[in-house]
Number of protein chains: 2
Amino acid sequence: MATHSSARPGASKRSGSQLSPEAIIEASLRVAARGGDDAFTVRRLGQELGCDPTAIYRHFRDKDELLLSVADRTLGEALDGVPHGLPWRDRLRTLAAESLRVGMKYPVVSSLMASRTTRRPNEFRIVELILGAVHEAGLSGPDAVVHYRMFGDSVLAYVGQHAALQMFAPTEREGDESAWSREYRLADRQRFPYIAGLVEELAAVTHEEIYAARIEALLDKIERRAAEARAVTDPAGAGAPSAETTAQQR
Amino acid sequence: MATHSSARPGASKRSGSQLSPEAIIEASLRVAARGGDDAFTVRRLGQELGCDPTAIYRHFRDKDELLLSVADRTLGEALDGVPHGLPWRDRLRTLAAESLRVGMKYPVVSSLMASRTTRRPNEFRIVELILGAVHEAGLSGPDAVVHYRMFGDSVLAYVGQHAALQMFAPTEREGDESAWSREYRLADRQRFPYIAGLVEELAAVTHEEIYAARIEALLDKIERRAAEARAVTDPAGAGAPSAETTAQQR
DNA sequence: ACCTGAACACCGTTCAAGT
DNA sequence: ACCTGAACACCGTTCAAGT
């Protein structure tokens, strides 16, 4: 099937396909978005690229290296959805929403990334965005860092958790999701009075409500911690909080 | 290697081993606690039990079924670490701490469970515990359920995230963890002023601080939401909050 | 009735061989 | 210089064969 070799530098030696880190990353995003069981395997990737699966190892040391590169792309996609000029709370809220949206677009990637760090450009940009937001909120030093991590890690974990759930084969997912309306409905009223008293609510609650509660809890925490910090450094004027602390440093 | 067969009912037909769901679950916990790459594979399990790997399929439909059973055991172990009689906030705090402790004891299990529901007895007990705590805090109905899920899902996700990180081969883990003190230290001061200004703090922050901030954020949210709810139903006496609402219903 | 073990359809990865 | 593809050491799972 493979034919000839034109000597144009950088041109393909194969019919229609050319191999480069870029091309491999883009193929990964395509198959990841398509979903399914083999959504991110080297064999599936070889198929998508029209080349031998192991050719990928010419451009990435191993699959983990590729994953980090692909994941960093998805971080960039989430970032692009966050408009400039929003006040810090809306900025973080939007970042959380975009992270979830993009994460669900590439579930294999985000489920594998939930406990990772890409150490790549777009991650730097996200860290900078969150640090800027918590600074604007009024946090600095170790406080800024702890609360940035609290927020960032939490979003990452939630998105990964949700993506992993979505990836399950329908039968298993259905088992997990319908538990609230099936198994929990059969709970013994004596041993589990609270569950028994809330079966309807347990079955009706949505992921959106849960995510919103979680994000707002974190944003509230940042705001309150900033208020505490201000009360210490500036015991008098705790009235009008953030006009000056809002100034960006570039 | 396998020998003879004594006909005692329930006794082993093999030297030293006997197969039952119970024995398989306990073997799973042992190998999971021991850690390593093959910490939870059917072949490793067969080795631990001194039987053929596929014998497990006599007692569990598939590996997922076994995982849920094993995971439910670990939930029980976490529950056992939560003393009775604690006020709601301490009860949830202790549950979070115990979940992390037990989760790190069986990292393979907790990383696989992060997005799952066991639908088994100990999960019921944990749900009941959390629902009881948020009730004591002053939440009811949909509010109680949303905040229970917020708390429960968040703890599960964090523990899974942390366990997955711990499971990485040393080289990859070191890459991820040292990122803060290596790659981030090299960040361009022009493009990433906040990162550059906080490199020391980024490298110094601990998982314990981050977890504590996260848990306290969730507990604060529950408390404040309960205060809002009280203000609506009982606009007058928002002063002494929880003495009566504390009453358990059994 | 219960366990065995060969076999199947997958993984990620290596490396000698091709061009 | 770059890609190929057989091969290796793994997975979870099935099923005919043993006892």
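Just so it is clear: chains get the letters A, B, ... in the order the sequence lines come, proteins before strands, and each one is counted from 1.
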Look at A:R73 together with A:E22 and state whether they make a salt bridge at an N to O cut-off of under 4.0 Å.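 Looking at A:E22 together with A:R73, the answer is yes, because their closest N to O distance falls below 4.0 Å.
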_Whether A:E65 and A:R120 form a salt bridge (side-chain N of Lys/Arg under 4.0 Å from carboxylate O of Asp/Glu) is what I want to check._
yes
(message) Check whether A:F40 forms a cation-pi arrangement with A:K63 (NZ or CZ under 6.0 Å from the six-membered ring centre, at most 45° off the ring normal).
(response) yes
From CG of B:L49 across to P of C:dT4 the rounded distance in Å is 10 Å
Checklist entry - Side chains of A:E209 and A:T206: do they bring a donor and an acceptor to under 3.5 Å? => result yes
The complete set of salt bridge (charged side-chain N to carboxylate O under 4.0 Å, His left out) pairs with one or both residues in residues 151-163 of chain B, sequence neighbours excluded, reads B:R149-B:D153
For DNA chain D, write out the stems as range with range, using runs of 3 or more consecutive Watson-Crick or G-U pairs with both distances under 3.5 Å.
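C:4-8 with D:12-16, C:12-16 with D:4-8 - these are the stems of 3 or more pairs that involve DNA chain D.
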Criterion side-chain contact (heavy atoms from CB on, under 4.5 Å) on A:Q161 and A:Y158, from CA distance to verdict: CA-CA 5 Å; A:Q161 190 181 40; A:Y158 184 89; 4.0 Å; yes
Q.
Using ring centroids (six-membered ring only for Trp), state whether B:Y148 and A:Y194 fall under 6.0 Å.
A.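 Distance test on ring centres: not under 6.0 Å, no.
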Report all interatomic pairs (protein N or O, nucleotide N or O of nucleotides 10-16 of chain D) with separations under 3.5 Å.
residue : atom : partner : partner atom : Å
D:dC11  : N4   : B:R43   : NH2          : 3.3
D:dG12  : OP1  : B:K63   : NZ           : 2.7
D:dG12  : OP2  : B:V42   : N            : 3.2
D:dG12  : N7   : B:R43   : NH1          : 2.8
D:dG12  : O6   : B:R43   : NH2          : 3.0
D:dT13  : OP2  : B:Y57   : OH           : 2.6
D:dT13  : OP2  : B:K63   : N            : 3.0
D:dT13  : O5'  : B:Y57   : OH           : 3.2

Point to revise | B:M167 side, atom CE; B:M104 side, atom CE - distance, nearest 0.5 Å | key: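 B:M167 atom CE to B:M104 atom CE measures 10.0 Å (nearest 0.5 Å).
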